[in-house]
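Here is the structure we will look at, set down as structure tokens.
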Amino acid sequence: MASLADKFADNLKTERMRRKLSQEALAHKAGLSVSYISMLERGQRTPPLDTLESLAKALGVSPASLIS
């Protein structure tokens with residue numbers, strides 16, 4: 001069974017790719033660095049709630065959808 005962090009990493013990358021955004025474009029929209037987006041997608045970092053909210057807003061999805 002995948003951990004919540006693994007689900008988040010997969011969902012983040014899936015939603016970004018679904019919207020045809022580069023990591024750089026998503027980072028710009030969310031006000032984050034490209035390297036941080038990369039670490040999130042690889043499961044090397046987990047975001048605080050305010051960052052989760054920023055990413056969800058940048059992708060046009062609910063925060064819950066990124067962790068479900």
Side-chain angles (χ1 to χ4, degrees):
M1 185 168 157
S3 71
L4 186 59
D6 291 336
K7 288 178 187 178
F8 169 77
D10 290 342
N11 290 343
L12 178 62
K13 185 172 184 175
T14 298
E15 291 297 334
R16 177 181 64 77
M17 294 180 77
R18 182 176 294 158
R19 284 156 183 73
K20 297 181 172 59
L21 292 172
S22 65
Q23 287 182 340
E24 184 176 5
L26 177 57
H28 179 73
K29 287 181 77 165
L32 302 167
S33 72
V34 177
S35 62
Y36 188 60
I37 297 293
S38 176
M39 287 187 284
L40 290 171
E41 288 186 357
R42 288 181 281 141
Q44 293 181 329
R45 301 286 296 256
T46 55
L49 292 176
D50 59 337
T51 302
L52 176 65
E53 188 174 26
S54 296
L55 289 164
K57 186 176 180 181
L59 290 167
V61 299
S62 71
S65 71
L66 291 177
I67 57 174
S68 61

Anything under 3.5 Å between a donor and an acceptor, one on a side chain of residues 8-16, the other on a protein residue two or more places apart or in another chain? List them.
residue, atom, partner, partner atom, Å
Asn11, ND2, Lys7, O, 3.3
Asn11, ND2, Ser65, O, 3.4
Asn11, ND2, Leu66, O, 3.2
Asn11, ND2, Ser68, O, 2.8
Thr14, OG1, Asp10, O, 2.8
Glu15, OE1, Arg19, NH1, 2.4
Glu15, OE1, Arg19, NH2, 3.3
Glu15, OE2, Arg18, NH1, 3.0
Arg16, NE, Glu41, OE2, 2.5
Arg16, NH1, Leu21, O, 2.8
Arg16, NH2, Glu41, OE1, 3.0

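- Closest of all the heavy-atom pairs between Ala56 and Ser62 is CB-C, 3.8 Å.
- Residues in residues 42-68 take part in no salt bridge (Lys or Arg N to Asp or Glu O under 4.0 Å) pair, two or more places apart or across chains.
- Atom CD of Glu24 has 12 or fewer heavy atoms from other residues, nucleotides or ligands within 6.0 Å.
- Ala58 and Leu26 get closest at one heavy-atom pair: CB-CD1, 3.8 Å.
- In this structure, the side chains of Thr46 and Leu40 stay at 4.5 Å or more apart for every pair of heavy atoms.
- Val34 forms part of no hydrophobic cluster, judged by ILVMFWY side-chain heavy-atom separations under 4.5 Å.
- Ser35 pairs by the side chain to side chain donor-acceptor pair (under 3.5 Å) definition with Ser33, not counting sequence neighbours.
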